[in-house]
Structure formats: C-alpha cells, structure tokens
Number of protein chains: 2
Amino acid sequence: MSDPSTGENLLFLTDEQLRQGIEAMFFAYRGFTADPDRILADMAYGRAHHRAIHFINRAPGTTVNNLLAILGVTKQSLNRVLRTLIEDGLVESRVGSSDKRERHLYLTDAGRALEQRLSDAQRARMRAAYRAAGPQAVAGFRQVLEAMMDPDMRRRYQALKESGA
Amino acid sequence: MSDPSTGENLLFLTDEQLRQGIEAMFFAYRGFTADPDRILADMAYGRAHHRAIHFINRAPGTTVNNLLAILGVTKQSLNRVLRTLIEDGLVESRVGSSDKRERHLYLTDAGRALEQRLSDAQRARMRAAYRAAGPQAVAGFRQVLEAMMDPDMRRRYQALKESGA
DNA sequence: AGTTTACGTCAGCCTTGTTGACATTCCAAG
DNA sequence: CTTGGAATGTCAACAAGGCTGACGTAAACT
C-alpha cells in the first residue's frame, strides 16, 4: 500500500492526479472570476480594473510601483487602467509627502462602493465553496495554493495576510 | 470557541479569511501558468494554444463543439487558434465518419511532443506543491476547487476525471 | 422540402498585455 | 551645485485573444 522507497503513499503524485489538479485549477479559476466579470461587463471595466481596485482597497496609500509589482504588469498597462479609474472618480492619486515622485493611491467613496459590490460577489462564491468543503479542506486548499506561488509572490501574499489579519 | 448558532467554528468563513483565499487564488494562478507561458513565449503561441492542446490530448477525437464548450470561448476565437495549430502540423482535424459535419481533433506526433513539454513543466510545479503540502492538503485543495466551479463546468470536469482515471 | 446543426470564415471591435522612446520631477551622492 | 538615477507619466505602435454579427456550406433531421 505504501511506496517502498519512502514508506509513504505517493499515489497522489501520479501524473493522472496532477493532470486532474491542473484541470481543477483551470475550471475553478473560471468560476472564481465569473461573478465579478459579469458586474464589470455592464460598465466599461474589465478584470484589470478589478485587480487594481482590489489591491488599492487592500493596501490604501500604496504606490504605483508597489501595485505594479503585485499585479505583475508593466507600468504602461497599469497606467491605462489607473487613468480611467481616476478620471471616473473611483481612485484618488496623491503625490507623496516625503517623496514627491511617488503617487499614493486611495479609493474614493465611489471606488469603495464598487469594490464592495465586486468582492461581495466573489466572496459569496468563495464562502459557498468553503462551507461546502469544510475547514480542514480549506486549510489544505490554502496550503497547496501557497506552495504553488512563485517565491516573491508568496512573500507579497504573506505580507498582505499579516497586514490584514 | 464555537459558533452558538451552529455549534461549529465558522472562523474560516470570515471576510478576512475569504479575502485571503481570493488573493491566494490570484497569486497561485500566476504561478500555475508561469512555466508553460515561458515555453510558449518562444514560439508564436499563447495560453489559448496551450489550453486547446491540453484538452485535445486529454480527449482525442473530441469535436470542435465539445472543445468550445469546455474552453468557454466562441468558435471564432477557438478557430483562430486551431487554424494555426493545424497549419503548423500540431493538430489534425478529421471529418466525422458517422456525422460528416463534425470535425474530430487529434494531436499529431509533434503536437504530442509539445503537449509533453508544456505539461511536464506545469506538472513539475504542481508536484512540488503537492509534495510540500501533503496528501491531506491536496484532498482539501481539490474539494474546494470543485466546489468553486460552475455546475456545468463541474460536470465536465467530473467526466474528464472518470475518462482519464 | 425545409429546418436545424456543425463548422468555417470575413470583418470589425475591445481589453489588456507588450516594447520603445522620451519628458519630468526629485532624491541623493559626489 | 551638479549630475546620475529612480519614480512616474505619456505617446505610439503592436499583438494576443476575447467578443459580436453576418454569411456560406454541407450534412442531418423532421
């Protein structure tokens, strides 16, 4: 029953199991983004706007550079998104007080309202999935996801966790 | 210690916990796609090609319509990808024998070779994550992902699981 | 015979990513 | 004080990969 070389059952590491995990990630991610996508489709916004709003809400006053690193896109790409959000009055960009080159980003009331709508929708699905699977499964879920991240992303994730907890 | 209304500890369902789960999905999905993306970048291919190749490999002889439903894109979008794969000799499209309107899709030897390269890279990361987290965490991981899928995607996922196991 | 289905294709549009080039502003080191 | 580099913004051009709409063809169904 156990792998003789390690004394441990390694059946969960077969290629077939890994393939199923890959497909599970694919299908689940689709569900994960489906609800906010529906909300955003009605406005002139897309997933990129959602991501920006999410992380600005999560770390108010964050700099553009920091947001860039978290999102993993170029400044030009982020700038396009950010510009529309600022124009539409969802995000406020304040020049840094100590370092005036930096822009610190904040959600306006309207921005927070949209963030709420989007994250309510996304959390509802997450909550349903968590509840269906139970606390122990959730712990495992988070463990595997963390192990799947690139090391620098894992560091950023941990930092967010600690700041929010 | 336990929620009085249910007699169960529901701390794992707090908004903060859900937010962390959302961020974990985001960061992990980036890692999940990073390795194949690097391979694909060298060729003229993208993530869309990878997905098509993956599912054709997984269900050889699948029809265009079926692939469409699995991938959740329009036929125009899929057709663009499929055409290049056929032109480049990675995918073969055979007219159906019983129903001649249908095209059945197969990977060529070259297609299978690329599929191997891509899925080797992706499975390597998956395997490392699985190994680091352990079998019990993996079970929880899969449970939560399944619960997160849209019902029809869950059905398709289950069907693939059974066909491959 | 007429309708529906499966597929392909043309044309055009949008979001969101990319690179490259260049201006500005400011901090900090020399 | 000057100069180099960092942080930011902006313009332009481009590509991938989604989308809709429209049209055509062949096969199958009724």
Side-chain angles (χ1 to χ4, degrees), chain A residues 26 29-30 33-34 36-56 61-88 91-105 118, chain B residues 26 29-30 33-34 36-56 61-88 91-106:
Chain A
F26 171 70
Y29 199 78
R30 287 257 297 281
T33 56
D37 279 359
R38 263 188 291 273
I39 295 173
L40 291 157
D42 296 339
M43 327 182 179
Y45 294 146
R47 220 174 271 180
H49 299 86
H50 182 193
R51 290 197 284 258
I53 288 174
H54 174 97
F55 286 108
I56 294 172
T62 185
T63 63
V64 172
N65 233 14
N66 185 36
L67 197 51
L68 233 49
I70 286 177
L71 297 176
V73 298
T74 59
K75 61 176 178 170
Q76 293 91 332
S77 203
L78 175 59
N79 195 255
R80 179 169 36 200
V81 166
L82 229 37
R83 197 180 348 170
T84 69
L85 290 174
I86 292 169
E87 278 170 8
D88 296 352
V91 167
E92 195 190 346
S93 166
R94 295 186 208 151
V95 173
S97 50
S98 60
D99 185 337
K100 291 177 188 168
R101 291 167 301 179
E102 296 179 342
R103 307 298 146 93
H104 298 274
L105 303 168
L118 293 170
Chain B
F26 171 70
Y29 199 77
R30 286 257 299 279
T33 56
D37 279 359
R38 263 188 291 272
I39 295 173
L40 291 158
D42 296 338
M43 328 186 178
Y45 294 145
R47 219 175 272 178
H49 299 85
H50 182 192
R51 290 196 285 258
I53 288 175
H54 175 99
F55 286 109
I56 293 173
T62 185
T63 64
V64 173
N65 237 7
N66 185 36
L67 196 51
L68 234 49
I70 286 177
L71 297 176
V73 298
T74 59
K75 62 172 178 174
Q76 293 92 329
S77 207
L78 175 58
N79 195 254
R80 180 167 37 197
V81 165
L82 228 38
R83 196 176 357 177
T84 69
L85 290 175
I86 291 170
E87 279 169 7
D88 297 352
V91 167
E92 194 190 348
S93 166
R94 296 185 208 152
V95 173
S97 49
S98 60
D99 187 335
K100 291 178 189 167
R101 292 170 305 177
E102 297 178 339
R103 307 299 146 92
H104 298 276
L105 304 170
Y106 301 87

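Each chain gets a letter, A, B and so on, in the order its sequence line appears, and its residues count up from 1.
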Do you know which two heavy atoms are closest between F26(B) and I70(A), and how far apart they sit?
CE2-O, 3.9 Å
Taking NE2 from H104(A) and P from dC26(C), how many angstroms apart are they, rounded to a whole number?
13 Å
Please write out each protein N/O paired with an N/O of nucleotides 26-28 of chain D under 3.5 Å, distance rounded to 0.1 Å.
{"unit_1": "dA28(D)", "atom_1": "OP1", "unit_2": "S98(B)", "atom_2": "O", "d": "2.8"}
{"unit_1": "dA28(D)", "atom_1": "OP1", "unit_2": "K100(B)", "atom_2": "N", "d": "3.0"}

N66(B) has an atom CG; how far is it from atom C1' of dT5(C), in whole Å?
15 Å
Could you grab the distance from atom CD of E102(B) to atom OG1 of T62(B), nearest 0.5 Å is fine?
9.5 Å
All heavy atoms of A52(A) vs all of V81(A), minimum pair found to be CB-CG1, 4.3 Å
In whole angstroms, the gap separating P of dC19(D) from CG of L71(B) amounts to 10 Å
Here the distance between atom P of dA15(D) and atom CG of L40(B), to the nearest Å, is 18 Å
Nearest whole angstrom, please: distance from the P of dT25(D) to the CZ of R103(B).
14 Å
Of the nucleotides dT9(C), dG9(D), dC7(C), which has the atom closest to the T63(B) side chain?
dC7(C)
Any salt bridge (charged side-chain N to carboxylate O under 4.0 Å, His left out) involving residues 46-55 of chain B? Give me the pairs, sequence neighbours left out, ordered by first then second residue.
D37(B)-R47(B)
Looking only at side-chain N and O atoms, does N65(A) come under 4.0 Å of OP1 or OP2 in dA6(D)?
no
Take the angle between the ring planes of Y45(B) and H49(B) and call it parallel below 30°, perpendicular above 60°, tilted in between.
tilted
Taking protein heavy atoms under 4.0 Å as touching, what does nucleotides 11-21 of chain C look like 5' to 3' if B marks base contact, S marks sugar-phosphate-only contact and - marks none?
----SBBBBBB
Over 60° means perpendicular and under 30° means parallel, so tell me whether Y29(A) and Y29(B) are parallel, tilted or perpendicular.
parallel
Please report the distance, rounded to the nearest Å, between CD in E102(B) and C1' in dT25(D).
16 Å
What is the distance from atom CD1 of I53(B) to atom CG of L105(B), rounded to the nearest 0.5 Å?
12.0 Å
Is there a donor-acceptor contact under 3.5 Å from the side chain of R30(B) to the main chain of L71(A)?
yes
Over 60° means perpendicular and under 30° means parallel, so classify the ring planes of H104(B) and Y106(B), tilted if in between.
tilted
Would you say dC7(C) has OP1 or OP2 under 4.0 Å from some side-chain N or O of N79(B)?
no
Spacing of L82(B) atom CG relative to dT9(C) atom C1', expressed in whole Å
14 Å
dC7(C) C1' sits how many Å from L67(B) CG, rounded?
13 Å
